[in-house]
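Read the structure below first, then the notes.
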Amino acid sequence: MTSPLSEYRTKADWLAATIADHNSDECLLWPFAVDRDGYGRVCFYGDGKKQRVFAHRVAFRLIHGRWPEPLGLHSCDNPPCFNPRHITEGGHAKNQREKVLRGRSLRGVQQHDAKLTDEIVRQARGEYICGKVGFHRLAKKYGVSDHGMKLAITGKSWRHV
């Protein structure tokens, strides 16, 4: 079996040729190594320097003649995809909103540094009495910051509980 690179000098050359030949809305999946989040990376020579860039950003640039600003977001929600039809521009806030809508955001105890649990949040919400048992007392009891407890009690965090 031959490598996808056999007739190209670089992965960037291969990527450009693959995009040029692809006329479909199907995902184009990066066939080489990916990073820990599943994104393809490629060395790209542009703007007078060699850069190690996400494959989907290079695909966007090859089609649109500019980098996606500030981020290149996947409408297909598939990190190894580099189909330029699936890449849109957007910022961090838009990316985070899309993660939540698609069920990919880490909630509650899924977060590596969570100090509360769903059960503790329910319990603290039940114990909270404005003016009597406040955020500070509950935060101290459960070992979190006052601000963190306020967010959990008011539902600005731990909304799923």
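Keep in mind that this is a model prediction, so the values were computed, not measured.
Both Val42 and Leu62 belong to a common hydrophobic cluster when Ile, Leu, Val, Met, Phe, Trp and Tyr are linked at side-chain heavy-atom distances under 4.5 angstrom. Val121 and Tyr128 end up in the same hydrophobic cluster when Ile, Leu, Val, Met, Phe, Trp and Tyr side chains are linked at under 4.5 Å. Hydrophobic clustering (ILVMFWY, side-chain heavy atoms < 4.5 Å, transitive): Leu151 and Tyr142 are in distinct clusters.
Side chain of His86 to backbone of Asp25: a donor-acceptor contact under 3.5 angstrom is found. Using modelled atom types, no side-chain atom of Asp37 and backbone atom of Tyr39 make a donor-acceptor pair closer than 3.5 Å. Side-chain N or O atoms of Arg57 include none that pairs as donor or acceptor with a backbone N or O of Trp67 at under 3.5 Å. Between the Arg41 side chain and the Ala33 main chain, no donor and acceptor come within less than 3.5 Å of each other. Formation of a donor-acceptor pair under 3.5 Å by the His56 side chain with backbone atoms of His74 is not found in this model.
In Lys94, the NZ atom is crowded: over 12 heavy atoms of neighbouring residues, nucleotides or ligands sit closer than 6.0 Å. Around atom CD of Glu26, no more than 12 heavy atoms belonging to other residues, nucleotides or ligands sit under 6.0 Å away.
The CD atom of Glu69 lies 13.0 Å from the NE2 atom of His64; values are rounded to the nearest 0.5 Å. If you take CZ on Arg125 and CG on Leu138, they are separated by 12.0 Å, rounding to the nearest 0.5 Å. Separation of atoms CG (Leu73) and NE2 (His92) is listed at 11.0 Å; rounding is to 0.5 Å.
Put simply, the side chain of Arg85 does not reach to within 4.5 Å of the side chain of Ile19, judged on heavy atoms. Put simply, the side chain of Arg66 reaches to within 4.5 Å of the side chain of Phe60, judged on heavy atoms. Residues Val53 and Arg61 fail the side-chain proximity criterion, which asks for heavy atoms closer than 4.5 Å. Residues Leu15 and Leu28 are not in side-chain contact: their nearest non-hydrogen atoms beyond the backbone lie 4.5 Å or more apart.
What you find for Gly148 and Ser157 is that their closest heavy atoms are O-OG, 4.4 Å. Taking all atoms of both residues into account, the shortest heavy-atom contact from Ser24 to Asn83 is O-ND2, 3.1 Å. A pairwise comparison of heavy atoms in Met149 and Ala124 identifies SD-CB, 3.9 Å as the closest pair. Shortest non-hydrogen contact noted between Ser145 and Ala139 is O-CB, 3.5 Å. Here the closest non-hydrogen pair linking Asp146 and Phe135 is O-CB, 4.2 Å. The minimum heavy-atom distance linking Gly91 with Pro70 is given by the pair CA-CG, 3.6 Å.
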Please assess Trp30 against Lys11 for the test side-chain contact (heavy atoms from CB on, under 4.5 Å), listing each intermediate value before the final yes or no.
CA-CA 10 Å; Trp30 189 246; Lys11 290 177 184 174; 4.1 Å; yes

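Results of the ring pair (Phe, Tyr, Trp, His ring centres under 6.0 Å) test with Phe82 over Phe32, Phe54, Trp14 single out Trp14 as the only residue that passes.
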